[in-house]
There are 2 protein chains.
Amino acid sequence: MSQLDTVNRILDAAEVLFAERGFTETSLRTITSTAGVNLAAVNYHFGSKKELIQAVFERFLTPFTANLDKELTRRQAQLEQSPEEQLQVDDLLQSLYRVALAGLAKEGRDPKRFMGLLGLAYTQSQGHLRRFIVSRYGASYRRFAGQLANALPQVDPVTFYWRLYFMLGATIFSLSSFDAIEAILREDFGAESSLEETLARLAPAAAAMLTAPVPKES
Amino acid sequence: MSQLDTVNRILDAAEVLFAERGFTETSLRTITSTAGVNLAAVNYHFGSKKELIQAVFERFLTPFTANLDKELTRRQAQLEQSPEEQLQVDDLLQSLYRVALAGLAKEGRDPKRFMGLLGLAYTQSQGHLRRFIVSRYGASYRRFAGQLANALPQVDPVTFYWRLYFMLGATIFSLSSFDAIEAILREDFGAESSLEETLARLAPAAAAMLTAPVPKES
DNA sequence: GTCTATACCCGGATAGAC
DNA sequence: GTCTATCCGGGTATAGAC
């Protein structure tokens, strides 16, 4: 078996098992036996379980942020051509969601699994994953936040950043539990929801939150 | 040492350590040595680590939902006296946030630590904890959701429930990371934020999200 | 350079002595 | 009710086979 095979077999098994059970609930022994490789292969190729977790995220986040950056560049160029045009926060969010996730799907990477892993990343990591993501992909995040802030000149910076975190929370929590929430709504109302439809619900809701009038200090 | 002391010493130590490090990162040996009790005491008094986790949440959630229920009852009675009055989603959310958290603080239980633990509960994909919370406190949650839905007759049920999850995500995510976000904003803008001020920002933002016009199906 | 077997040590759980 | 001893599963390091 070539090195590339072993590495990818481990990543494939780890990605699915982590998304299904969480990080600590998934043992290296389960991963390696699922992948059909030796236990020590994880330590040899990745160094530690933490670094394996980071590698799983890297395989999602690198194409994801590449697509995001491409879309941000396209919008920035468009804006410079016609600067008088009204910025549509709703439209900005929805096209970003769509482009970034569609890009993942095109490469055969399951967007729902990605969102599930992202949900885990925000709490189940005792910091190492957060630090890895921020140091590796922080520039794209800040660029996205900057464009969004520019589209909301009437909102003061502190309020904007709190609302940005509110939006991130709404996005990550609801999309990371997409399958569970969808199942509940399907049972209660017989209404099926696709990921695309949910993003089409989320974008205007998040936009309404961001653009809400800022209450005076009381 | 009396049984009550042992149980409470374990709960006190576990609550602080869980909030600081997460569930799996906190060993029973650390908890018991911090509490000054024997390792086997946890298994004897609680049965397992999972049940200890549930007991920590129970100590927060029982007074929390009691306060929530009291406020919901007060509002319902008020509504029956003057049914013509316009329902204010913003005001509803803020008074609920305030009442439930203030009630915790009055009993000497730290609301920020509670929010941090709640964040862990929703993301560390501990199925047992989710099931425990739903079975134990689901009735209060459904009552809260019902009052909120009544205040939003113009929003169809499926959109309402998605938005409810968006709101829960925004609330739990941002409040569970309150200290971290607050530190970033304080450094970048020199603006300190209290938990109360943040709730005063969150309530109108969440209300704007819930009350946003529902886009037509495309 | 890759892979495997194995030997740690830590953490949760439990049986049985007291 | 409390403590000691022990078991078993999990992450990691390493020696050595290929």
Side-chain angles (χ1 to χ4, degrees), chain A residues 1-58 117 120-121 123-132, chain B residues 1-58 117 120-121 124-129 131-132:
Chain A
M1 194 182 300
S2 76
Q3 179 190 352
L4 208 145
D5 270 1
T6 302
V7 168
N8 279 327
R9 289 168 66 87
I10 292 172
L11 284 173
D12 289 342
E15 177 181 306
V16 172
L17 291 167
F18 283 153
E20 278 175 359
R21 317 178 184 186
F23 303 130
T24 48
E25 292 74 18
T26 305
S27 71
L28 291 184
R29 285 165 175 84
T30 305
I31 293 172
T32 50
S33 66
T34 301
V37 303
N38 185 274
L39 167 62
V42 170
N43 250 270
Y44 176 72
H45 287 289
F46 297 94
S48 67
K49 186 178 182 180
K50 285 183 179 179
E51 286 163 294
L52 169 61
I53 293 172
Q54 293 173 8
V56 167
F57 276 84
E58 187 179 26
L117 288 171
L120 292 179
T123 40
Q124 239 185 8
S125 66
Q126 53 290 61
H128 79 275
L129 187 51
R130 231 191 225 278
R131 283 192 296 276
F132 169 77
Chain B
M1 194 183 300
S2 76
Q3 179 189 351
L4 206 144
D5 269 0
T6 302
V7 167
N8 279 327
R9 287 168 68 86
I10 292 172
L11 284 173
D12 288 342
E15 176 181 306
V16 172
L17 291 167
F18 283 153
E20 277 175 0
R21 316 178 184 186
F23 303 128
T24 48
E25 293 74 20
T26 305
S27 70
L28 292 183
R29 284 166 174 84
T30 305
I31 293 171
T32 50
S33 66
T34 302
V37 304
N38 184 273
L39 168 61
V42 170
N43 253 273
Y44 177 74
H45 286 290
F46 297 95
S48 68
K49 187 177 182 180
K50 287 184 178 180
E51 286 164 294
L52 169 61
I53 293 173
Q54 294 173 7
V56 168
F57 276 84
E58 187 178 27
L117 288 171
L120 290 180
Q124 292 222 346
S125 76
Q126 303 250 353
H128 71 93
L129 186 51
R131 284 191 295 275
F132 169 76

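Here is the naming used below: chain letters follow the sequence lines, and residue numbers restart at 1 for every chain. Not measured: the values here are computed from a predicted model.
Rounded to whole angstrom, the span from the CG atom of B/Leu52 across to the C1' atom of C/dG11 amounts to 14 Å. Here D/dT2 presents its P atom at 12 Å from CZ of B/Phe46, a figure rounded to the nearest Å.
Looking only at distances, a side-chain donor or acceptor of A/Ser33 sits under 3.5 Å from a matching main-chain atom of A/Arg29. Counting only distance, with no hydrogens or angles, the side chain of A/Thr32 and the backbone of A/Leu28 share a donor-acceptor pair below 3.5 Å.
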Show each protein N/O and nucleotides 8-14 of chain D N/O combination with a separation under 3.5 Å, one pair to a line.
residue : atom : partner : partner atom : Å
D/dG11  : OP1  : A/Lys49 : NZ           : 2.7
D/dG11  : OP2  : A/Leu28 : N            : 2.7
D/dG11  : N7   : A/Arg29 : NH1          : 2.5
D/dG11  : N7   : A/Arg29 : NH2          : 3.3
D/dG11  : O6   : A/Arg29 : NH2          : 2.8
D/dT12  : OP2  : A/Lys49 : N            : 3.0
D/dA13  : OP2  : A/Asn43 : OD1          : 3.2

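Applying side-chain contact (heavy atoms from CB on, under 4.5 Å) to A/Ile10 and the options A/Leu52, A/Asp5, A/Thr34 leaves one that passes, A/Leu52.
Judged as a side-chain hydrogen bond (donor to acceptor under 3.5 Å, both in side chains), and not counting sequence neighbours, B/Glu20 has no contacts. Remark: A/Asp12 engages A/Arg59 in a side-chain hydrogen bond (donor to acceptor under 3.5 Å, both in side chains) (not counting sequence neighbours).
Under the 4.5 Å side-chain criterion, counting only non-hydrogen atoms from C-beta, A/Ile31 is not in contact with A/Lys49.
Checking the phosphate oxygens (OP1, OP2) of C/dG1, no side-chain nitrogen or oxygen of A/His45 falls inside 4.0 Å. The phosphate of C/dC3 (OP1 or OP2) has no side-chain N or O of A/Tyr44 nearer than 4.0 angstrom.
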